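Notes to accompany the following structure.
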Amino acid sequence: MTQRSTVRDLLDEHGRTHAEEAGIRLRNTPAPLYRLLTLCVLFSVRIKAGIAVAAARELFAAGMRTPRAMADASWQDRVDALGRAHYRRYDESTATALGEGAQLLLDRYRGDLRRLRDAADGEPGRIRELLQEVPRIGPVGADIFCREAQGVWPELQPAFDSRALHAAAALGLPKTPAGLARLVATEDLPRLAAALVRAELS
């Protein structure tokens, strides 16, 4: 099996991004970028991926789709939305983190993550550092954001974190982001990164 056929099979079997699963149509506009960040906050604790995605959908269905809406929602509203998705054990602390993070984005970037990118001068390492100033976002959450956002923020390309690279090596694929990027069209980079992480987890 050639590397390109391995990649095709990967994309067919696992090539759905977390954003797609959460119903986020990712574009380079404030609201979808914020919804992706919210999803990354939810992924930043030890919880099943399906529950994190369900929690994101519940928050969005309750109207918490922008930093302003998240900040204006009551703490109990956030806890209740997380509870409906069975996001247990971390619901109260995550509700607090979501409120504090929304307020930070409003205060620092006027609710627009594109201003965070501008503050980082589009430098991927700095983007990751600034993302980690958001409550609950650590290296893993920043990696997820960059993996998924590379489709709309080209300066992040190619974004393949250590888990994706480990899976690539195990499958006989290139062991570098640049090598992997040569195997797919630019628009498929987020899907390949997601597929490799899923392959690693399975």
Side-chain angles (χ1 to χ4, degrees), residues 7 9-26 31-67 69-70 73-102 105 113 128 131-132 134-151 156 159-171 188-202:
V7 165
D9 289 347
L10 261 177
L11 291 175
D12 287 344
E13 189 172 352
H14 298 296
R16 196 156 184 242
T17 65
H18 292 311
E20 288 171 333
E21 289 184 328
I24 302 166
R25 295 184 62 185
L26 200 54
L33 289 169
Y34 175 68
R35 290 198 286 275
L36 174 60
L37 186 69
T38 297
L39 183 60
C40 294
V41 169
L42 297 169
F43 269 113
S44 294
V45 297
R46 296 176 68 85
I47 202 156
K48 290 181 179 178
I51 292 177
V53 167
R57 284 183 169 275
E58 287 291 345
L59 288 164
F60 304 154
M64 292 172 250
R65 296 185 290 270
T66 65
M70 186 68 77
S74 72
W75 178 82
Q76 191 61 54
D77 286 341
R78 295 192 290 268
V79 169
D80 290 346
L82 295 170
R84 288 193 293 274
H86 308 291
Y87 194 93
R88 306 293 187 210
R89 289 180 54 205
Y90 304 103
D91 53 349
E92 295 186 357
S93 63
T94 300
T96 298
L98 287 168
E100 292 175 350
L105 293 178
L113 281 163
R128 283 180 170 84
L131 286 169
Q132 290 179 66
V134 176
R136 191 57 72 76
I137 295 287
V140 171
D143 281 344
I144 294 170
F145 185 93
C146 292
R147 267 194 343 243
E148 302 254 334
Q150 65 180 315
L156 294 174
F160 293 93
D161 58 27
S162 59
R163 288 187 298 176
L165 294 175
H166 186 268
L171 291 166
D188 283 331
L189 286 170
R191 293 180 61 227
L192 178 57
L196 285 166
V197 171
R198 283 204 175 85
E200 167 78 355
L201 293 174
S202 63

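Numbering of residues begins at 1 and proceeds along the displayed sequence. In this text the structure is predicted, and so the values were computed from the model without any measurement.
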Show your working on salt bridge (Lys or Arg N to Asp or Glu O under 4.0 Å) between R78 and D91 and close with a plain yes or no. CA-CA 8 Å; R78 295 192 290 268; D91 53 349; over 6 Å; no
The test is side chain to side chain contact (heavy atoms under 4.5 Å, CB included); show your working for R89 and V45 and say whether it passes. CA-CA 10 Å; R89 289 180 54 205; V45 297; over 6 Å; no
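Under the side-chain contact (heavy atoms from CB on, under 4.5 Å) criterion, P190 pairs with T17, Q150, sequence neighbours left out.
A 4.5 Å side-chain heavy-atom check between C146 and L131 finds at least one atom pair inside the cut-off. Within the 4.5 Å cutoff, side-chain heavy atoms of P139 are placed close to those of Q132. No side-chain heavy atom of Y90 sits under 4.5 Å from any side-chain heavy atom of L82. The closest side-chain heavy-atom distance from V7 to D188 is not below 4.5 Å. Put simply, the side chain of L39 does not reach to within 4.5 Å of the side chain of F145, judged on heavy atoms. Residues H18 and L36 have side chains not in contact (no heavy-atom distance under 4.5 Å, counting atoms from C-beta outward).
Between the side chain of R65 and the backbone N or O of F60, at least one donor-acceptor pair lies under 3.5 Å. Remark: the backbone N or O of L105 is not paired with any side-chain donor or acceptor of Y34 at under 3.5 angstrom. With hydrogens and angles ignored, the 3.5 Å screen pairs a side-chain donor or acceptor of R198 with a backbone N or O of H14. Side-chain atoms of E200 do not come within 3.5 Å of backbone N or O of H166 as any donor-acceptor pair.
Taking each heavy atom of I47 and A52 in turn, the nearest pair found is CG2-CB, 4.2 Å. Nearest heavy-atom pair, G63 versus A69, reported as atom, atom and distance to 0.1 Å: O-CB, 3.3 Å. For the pair L156 and A149, the tightest heavy-atom approach, listed with the atom from each and the gap, is CD1-CB, 4.0 Å. Nearest heavy atoms, A31 versus T66: CB-CG2, 4.2 Å. Of all the heavy atoms in A81 and L59, the pair that sits closest is CB-CD2, 3.8 Å. A56 and A22 make their closest contact through CB-CB, 4.3 Å (heavy atoms, listed as atom of the first residue, atom of the second, distance).
Taking CZ from R128 and CD1 from I137, the interatomic distance works out to 12.5 Å, rounded to the nearest 0.5 Å. Note: R136 CZ to T96 OG1 = 8.5 Å, rounded to the nearest 0.5 Å. Atom CG of L42 and atom CG of L98 lie 6.0 Å apart (nearest 0.5 Å).
Sorted by first then second residue, the side chain to side chain donor-acceptor pair (under 3.5 Å) pairs that include residues 36-63, not counting sequence neighbours, are E58-R84.
Considering V140, D143, I144 in turn, D143 is the only one that fulfils the side-chain contact (heavy atoms from CB on, under 4.5 Å) rule with D161.
Residue Q76 qualifies as enclosed at atom CD: its count of foreign heavy atoms under 6.0 Å is above 12. The neighbour count for R88 CZ, taken as heavy atoms of other residues, nucleotides or ligands under 6.0 Å away, is above 12.
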